[in-house]
Amino acid sequence: MAKKRILLKIGSNTLTKETNHISRGKIEDIGMQIAALKDEYEFIIVSSGAIAAAKQFVKLDNNDQEVFVKQALASIGQPHLMRIYHENFSDLGLHTSQCLLSYSDFEKENTKVNIVNTINVLVKNQYIPIINENDTVATDEIKFGDNDKLAALTAVLLKVDILIIATNTNGIYTKASFQDEVPETISIVNDLKTLEKEIGDSKSSHGTGGMQSKIEAAAITKAANIETWVVNGLKDNFILNAINNTIPFTKIV
């Protein structure tokens, strides 16, 4: 049987476990789950976190425009982020590879073919592609969406079965329950217009995306008949538990 393909999008808030440092424990948690599921699923990761990684090591002159400082931090932090993935995943027998993409790559047919062919070769040879936006030349992810849209476009391009967006809530909550401070997760969503009415405009502490960007990502994947799951990535074993349906999360079908 062919393995199911999962694209896992991990934001900065998940990778830092809502602190100011990349959490090796969280990356190990993700790696252990991938190792446990590798006979049934193949994984592609879209990971933020380069800027958060850099902030652990350097402090740059802030006299320049903020977006240029963030681009410089991304350039410094990306190798550190990949090193942390490599060290934790290799201990589990998992191989990693780096792919840097820009939104403009999805506008050129020959570039899209090259992306698909390269990533398919990596996955076929048991390498996990870890994708991030090439922030040195592009600023979209820094300013908008925290890689949610990039994950959705990549999911469609690579014809994945499920896009899992790891966030810091138990999926998407009903507006009424959130306002009452007893959050209730919306389990299944068929109509995104109805879902739009339930969300707020809050942003996470490290990321630039909120639930709006996740719904916009889900609209892209839904049009391609790909399920999107919004899952609490701060919890241990969140991928395994979502697959086994033992935790509350939102499934957009």
Side-chain angles (χ1 to χ4, degrees), residues 6-37 41 43-56 73-74 77-78 80-89 92 94 96 98 128-133 135 141-142 144-152 154-155 160 162-173 183 185 199 202-218 228-243 247-252:
I6 290 176
L7 192 143
L8 172 65
K9 184 268 171 176
I10 314 165
S12 301
N13 227 42
T14 300
L15 279 181
T16 61
K17 293 185 77 171
E18 299 189 310
T19 69
N20 292 319
H21 300 281
I22 298 293
S23 169
R24 286 178 174 269
K26 176 45 62 180
I27 290 180
E28 183 181 23
D29 170 56
I30 292 164
M32 289 173 68
Q33 294 176 80
I34 291 173
L37 292 164
Y41 296 90
F43 281 85
I44 296 150
I45 294 174
V46 169
S47 176
S48 303
I51 293 172
K55 286 179 177 178
Q56 296 178 215
L73 286 169
Q78 184 65 25
H80 289 292
L81 180 64
M82 289 304 303
R83 175 177 53 81
I84 297 168
Y85 269 112
H86 170 73
E87 289 172 353
N88 282 274
F89 277 33
L92 299 163
L94 301 173
T96 57
Q98 173 183 268
I128 300 166
I130 299 177
I131 299 166
N132 198 355
E133 182 168 6
D135 287 326
E141 181 266 337
I142 286 174
F144 310 108
D146 196 26
N147 272 341
D148 292 325
K149 182 180 177 183
L150 182 70
T154 307
V160 308
I162 305 166
L163 166 62
I164 296 178
I165 298 179
T167 187
N168 60 344
T169 61
N170 296 331
I172 301 172
Y173 300 138
T185 299
I199 65 160
S202 63
K203 300 275 198 323
S204 58
S205 55
H206 285 281
T208 54
M211 281 302 166
Q212 180 63 43
S213 73
K214 288 160 182 53
I215 291 176
E216 290 168 3
T228 297
W229 298 2
V230 182
V231 184
N232 191 337
L234 299 178
K235 305 287 187 183
D236 289 342
N237 293 316
F238 66 96
I239 306 167
L240 284 164
N241 290 335
I243 288 171
I247 55 170
F249 70 98
T250 299
K251 184 183 291 188
I252 300 166

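Source: prediction; values computed, not measured.
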Residue pair [X] / [Y]: nearest heavy atoms and the distance that separates them:
| X | Y | result |
| --- | --- | --- |
| N170 | Y173 | N-OH, 2.9 Å |
| K149 | A217 | N-CB, 4.4 Å |
| A53 | G77 | CB-O, 3.7 Å |
| A50 | A74 | CB-O, 3.7 Å |
| S47 | I130 | CB-CG2, 4.0 Å |
| V160 | L163 | CG2-N, 4.4 Å |

When rounded to the nearest 0.5 angstrom, what distance separates [atom1] in [X] from [atom2] in [Y]?
| X | Y | atom1 | atom2 | value |
| --- | --- | --- | --- | --- |
| N13 | L234 | CG | CG | 6.5 Å |
| L8 | I34 | CG | CD1 | 6.0 Å |
| Q78 | I51 | CD | CD1 | 10.0 Å |
| K214 | K9 | NZ | NZ | 4.5 Å |
| S12 | N168 | OG | CG | 11.5 Å |
| L92 | N88 | CG | CG | 7.5 Å |

TODO: Only counting residues at least two apart or in another chain, list the ones meeting salt bridge (charged side-chain N to carboxylate O under 4.0 Å, His left out) with E28.
DONE: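 Counting only residues at least two positions away or on another chain, E28 forms no salt bridge (charged side-chain N to carboxylate O under 4.0 Å, His left out).
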Could you tell me whether the side chain of [Y] reaches within less than 4.5 Å of the side chain of [X], counting heavy atoms only?
| X | Y | result |
| --- | --- | --- |
| I162 | L7 | no |
| I22 | I27 | yes |
| E87 | R24 | yes |
| I165 | D148 | yes |
| I45 | I131 | no |
| I243 | I6 | yes |
| L15 | L81 | yes |
| I172 | T185 | no |

Can you sort out the partners of [X] under ring pair (Phe, Tyr, Trp, His ring centres under 6.0 Å), two or more places apart, ordered by chain and number?
| X | result |
| --- | --- |
| H86 | none |
| F249 | W229 |
| F89 | Y85 |

Task: Heavy atoms from other residues, nucleotides or ligands near NZ of K235 exceed 12 (cutoff 6.0 Å) - done: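 It does not: K235 NZ has 12 such atoms or fewer within range.
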Open item on the list: Using a 6.0 Å cut-off, check whether atom CE of M32 has over 12 heavy atoms from anything other than its own residue.
Closed with: no
TODO: May I ask you to check whether S48 and N147 show a side-chain donor-acceptor distance below 3.5 Å?
DONE: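 There is such a pair (donor and acceptor under 3.5 Å, judged by atom type) between the side chains of S48 and N147.
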Open item on the list: Strictly distance-based, threshold 3.5 Å: is any side-chain N or O of T14 a donor or acceptor partner for the main-chain N or O of I10?
Closed with: no
Task: Listed partners of Q33 passing side chain to side chain contact (heavy atoms under 4.5 Å, CB included), at least two apart - done: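 For Q33 the side chain to side chain contact (heavy atoms under 4.5 Å, CB included) partners, ignoring immediate neighbours, are D29, N237, F238, I239, L240.
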Task: Pair V231-I164, side chain to side chain contact (heavy atoms under 4.5 Å, CB included): steps then yes or no - done: CA-CA 7 Å; V231 184; I164 296 178; 4.0 Å; yes
Task: Q56: partners by side-chain hydrogen bond (donor to acceptor under 3.5 Å, both in side chains), with sequence neighbours left out - done: none
